[in-house]
Amino acid sequence: MIIDTHSHINFKSYNKDRDQVIKRTQDEGVVCIDVGTKYETSKRAVELAEKNENIYAAIGMHPIHIKTDLLKLKTDEDEGAFAPLGEEYDKEKYKELAKSKKVVAIGEIGLDYYYRPKTKSRLEEFKKLQREVFIKQLDLAEELNLPVIVHCRMAFEDIYDILTLRQAQGKKLSGVIHCFTGNWELAEKFIKLGFYIGINGIIDKLDLTEVIKNCPLDKILTETDCPYLTPKEESGKRNEPIFVKYVISRIADIKGISFEEVANQTFTNAKNLFGI
């Protein structure tokens, strides 16, 4: 068995052939965690998980969907026909979704400073808002005893500070830093906090050789982040869970071990973290 711990089959990008994508996933023995990015996609992820034995769900609000008038962004057509930056976080709605036995994590949640207001004052207000919503979702994860799937883009310092403070306060939290893009020194800091490192097709855009080589295999999770970040072997195609095999192969090559060893250990890692 192999696992894709971060897919978005719930997105609009799969509306025309979602059943076929799921069948290919099942036929190749791939288990996947389908990850929500706001209430609408989180609800869809739960529905898909409840209908399919090989799919589990994560629910949460991505920072790009936090309601604010501090920034304007275009709609992501792959995700769905709705504008970003438009949802008020409602804990009770997500808590209701979490009643499903197929919900295994709160995510994806976190901080994203890639798109930002132009003035310093608006930027600080923007960051403050993201931090507040992130912390509220960390609180929900702790309340429900669920791990978190953390999105971090240009915000490693703030993410690390928040997680470190929680640990110092004795708050229990586990999870994965999804789509890791930092260096080994940074990865090691998160590992020491008890977090896993998520590796996906970003390895074709960034050189993560040092991170993968040094990271203990029992602290790595394999992902696709589909429909995004298609591995180079399938260049030009929309990404999907079965392409996680290329991520596994790359990790195996870098570490000088077999595909089977990486597949088996990363599957075990996912079972240990998500309780699947």
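- Taking each heavy atom of Cys215 and Lys255 in turn, the nearest pair found is O-NZ, 2.7 Å.
- A centroid separation of less than 6.0 Å is found between the aromatic rings of Phe180 and Phe156.
- For the pair Lys189 and Tyr160, the cation-pi test (distance below 6.0 Å, angle within 45°) is passed.
- Two different hydrophobic clusters hold Val176 and Ile197 under the rule that ILVMFWY side chains link at heavy-atom gaps under 4.5 Å.
- Expressed to the nearest 0.5 Å, how far CD of Gln130 lies from CD1 of Ile159 amounts to 9.0 Å.
- In this structure, Val211 and Ala187 approach most closely via the heavy-atom pair CG1-CB, 4.2 Å.
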Does the pair Lys127 and Leu111 meet the rule for a side-chain contact (heavy atoms from CB on, under 4.5 Å), with working shown? CA-CA 8 Å; Lys127 289 182 176 182; Leu111 304 177; over 6 Å; no

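- Looking only at side-chain heavy atoms (C-beta outward), Ile9 and Arg18 come within less than 4.5 Å of each other.
- To the nearest 0.5 angstrom, Leu173 atom CG is 10.5 Å from Leu146 atom CG.
- In this structure a side-chain-to-backbone donor-acceptor pair under 3.5 Å is missing from Lys213 to Ile254.
- Within 6.0 Å of CG on Asn145 lie no more than 12 heavy atoms contributed by other residues, nucleotides or ligands.
- To the nearest 0.5 Å, atoms OG1 (Thr266) and NZ (Lys271) are separated by 12.0 Å.
- Enclosure of atom CD in Glu234 by more than 12 non-hydrogen atoms of other residues, nucleotides or ligands within 6.0 angstrom is indicated.
- The two residues His151 and Pro63 make their nearest non-hydrogen contact at CD2-CG, 3.9 Å.
- Looking only at distances, a side-chain donor or acceptor of Asp204 sits under 3.5 Å from a matching main-chain atom of Lys232.
- A continuous path of Ile, Leu, Val, Met, Phe, Trp and Tyr side chains, each step under 4.5 Å between heavy atoms, connects Ile106 with Ile177, placing both in one hydrophobic cluster.
- Here Lys136 contributes atom NZ and Asp90 contributes atom CG; the two are 10.0 Å apart, rounded to the nearest 0.5 Å.
- Contact of the Leu208 side chain with the Arg250 side chain is not registered, since no non-hydrogen atoms from C-beta on lie closer than 4.5 Å.
- Proximity of a side-chain donor or acceptor of Asp112 to a complementary backbone N or O of Ile64 within less than 3.5 Å is not detected.
- A side-chain contact (heavy atoms from CB on, under 4.5 Å) with Asn52 holds for exactly one of Asp34, Thr25, Ile22; it is Ile22.
- Between the side chain of Thr41 and the backbone N or O of Val35 there is no donor-acceptor pair closer than 3.5 Å.
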Would Tyr246 and Ile203 count as a side-chain contact (heavy atoms from CB on, under 4.5 Å) if you check the C-alpha gap in whole Å, the side-chain angles of each, and the deciding distance to 0.1 Å? CA-CA 10 Å; Tyr246 299 115; Ile203 55 180; over 6 Å; no

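- With hydrogens and angles ignored, the 3.5 Å screen pairs a side-chain donor or acceptor of Glu87 with a backbone N or O of Tyr39.
- Between the CG atom of Leu229 and the NE2 atom of His6 there is a distance of 9.5 Å, given to the nearest 0.5 Å.
- Considering all non-hydrogen atoms of both residues, Leu163 and Phe134 come closest at CD2-CZ, 4.5 Å.
- Using bins of under 30°, 30° to 60° and over 60° for the plane-to-plane angle, the ring pair Phe11/His8 lands in the parallel bin.
- In this structure, the separation between SG on Cys32 and CD1 on Ile276 is 9.5 Å, given to the nearest 0.5 Å.
- The backbone N or O of Ser235 sits nowhere less than 3.5 Å from a side-chain atom of Thr230 that would complete a donor-acceptor pair.
- Grouping the Ile, Leu, Val, Met, Phe, Trp and Tyr side chains by contacts below 4.5 angstrom, directly or via other members, places Leu186 with Ile212.
- Of the possible donor and acceptor atoms, none in the side chain of Thr222 sits under 3.5 Å from a partner among the backbone N and O of Asp4.
- For the pairing with Glu47, the salt bridge (charged side-chain N to carboxylate O under 4.0 Å, His left out) check across Arg44, Lys43, Lys51 returns one residue only, Lys43.
- Between the Lys102 side chain and the Ile55 main chain, a donor and an acceptor come within less than 3.5 Å of each other.
- Salt bridge Lys120/Glu124: absent, no basic N to carboxylate O contact under 4.0 Å.
- Side chains of Phe274 and Ile3 form no contact here, defined as non-hydrogen atoms less than 4.5 Å apart.
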Do His178 and Asn200 pass the side-chain contact (heavy atoms from CB on, under 4.5 Å) test, and can you show the C-alpha distance, the side-chain angles, and the key distance before you say yes or no? CA-CA 9 Å; His178 154 62; Asn200 56 34; 3.9 Å; yes

Going through the distances and angles, do Leu140 and Tyr89 end up as a side-chain contact (heavy atoms from CB on, under 4.5 Å)? CA-CA 12 Å; Leu140 177 61; Tyr89 176 64; 3.5 Å; yes

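- Heavy atoms of other residues, nucleotides or ligands lying less than 6.0 angstrom from CD of Glu185 number 12 at most.
- Inter-residue side-chain proximity for Thr224 and Glu240 is flagged as unmet; no heavy-atom pair is nearer than 4.5 Å.
- In this structure the side chain of Thr181 reaches within 4.5 angstrom of the side chain of Ile202, judged on heavy atoms.
- A heavy-atom distance below 4.5 Å is not found between the side chains of Phe195 and Leu221.
- Between the Lys38 side chain and the Met61 main chain, no donor and acceptor come within less than 3.5 Å of each other.
- Note: the hydrophobic cluster containing Leu273 does not contain Ile191 (ILVMFWY, side chain heavy atoms under 4.5 Å, direct or indirect links).
- The pair Glu142-Arg166 meets the salt-bridge criterion, with a side-chain N (NZ, NE, NH1 or NH2) lying under 4.0 Å from an Asp/Glu carboxylate O.
- By the criterion of side-chain heavy atoms lying less than 4.5 angstrom apart, applied directly or through intervening Ile, Leu, Val, Met, Phe, Trp or Tyr residues, Val31 is not grouped with Val46; the two fall into different hydrophobic clusters.
- Among all heavy-atom pairs drawn from Arg238 and Pro227, the shortest one is CG-CB, 3.7 Å.
- Between Ile251 and Ile220, the shortest heavy-atom contact is CD1-CG2, 4.0 Å.
- Side chain of Glu223 to backbone of Cys179: a donor-acceptor contact under 3.5 angstrom is found.
- By the 6.0 Å and 45° rule, Lys245 does not stack over the aromatic ring of Phe259.
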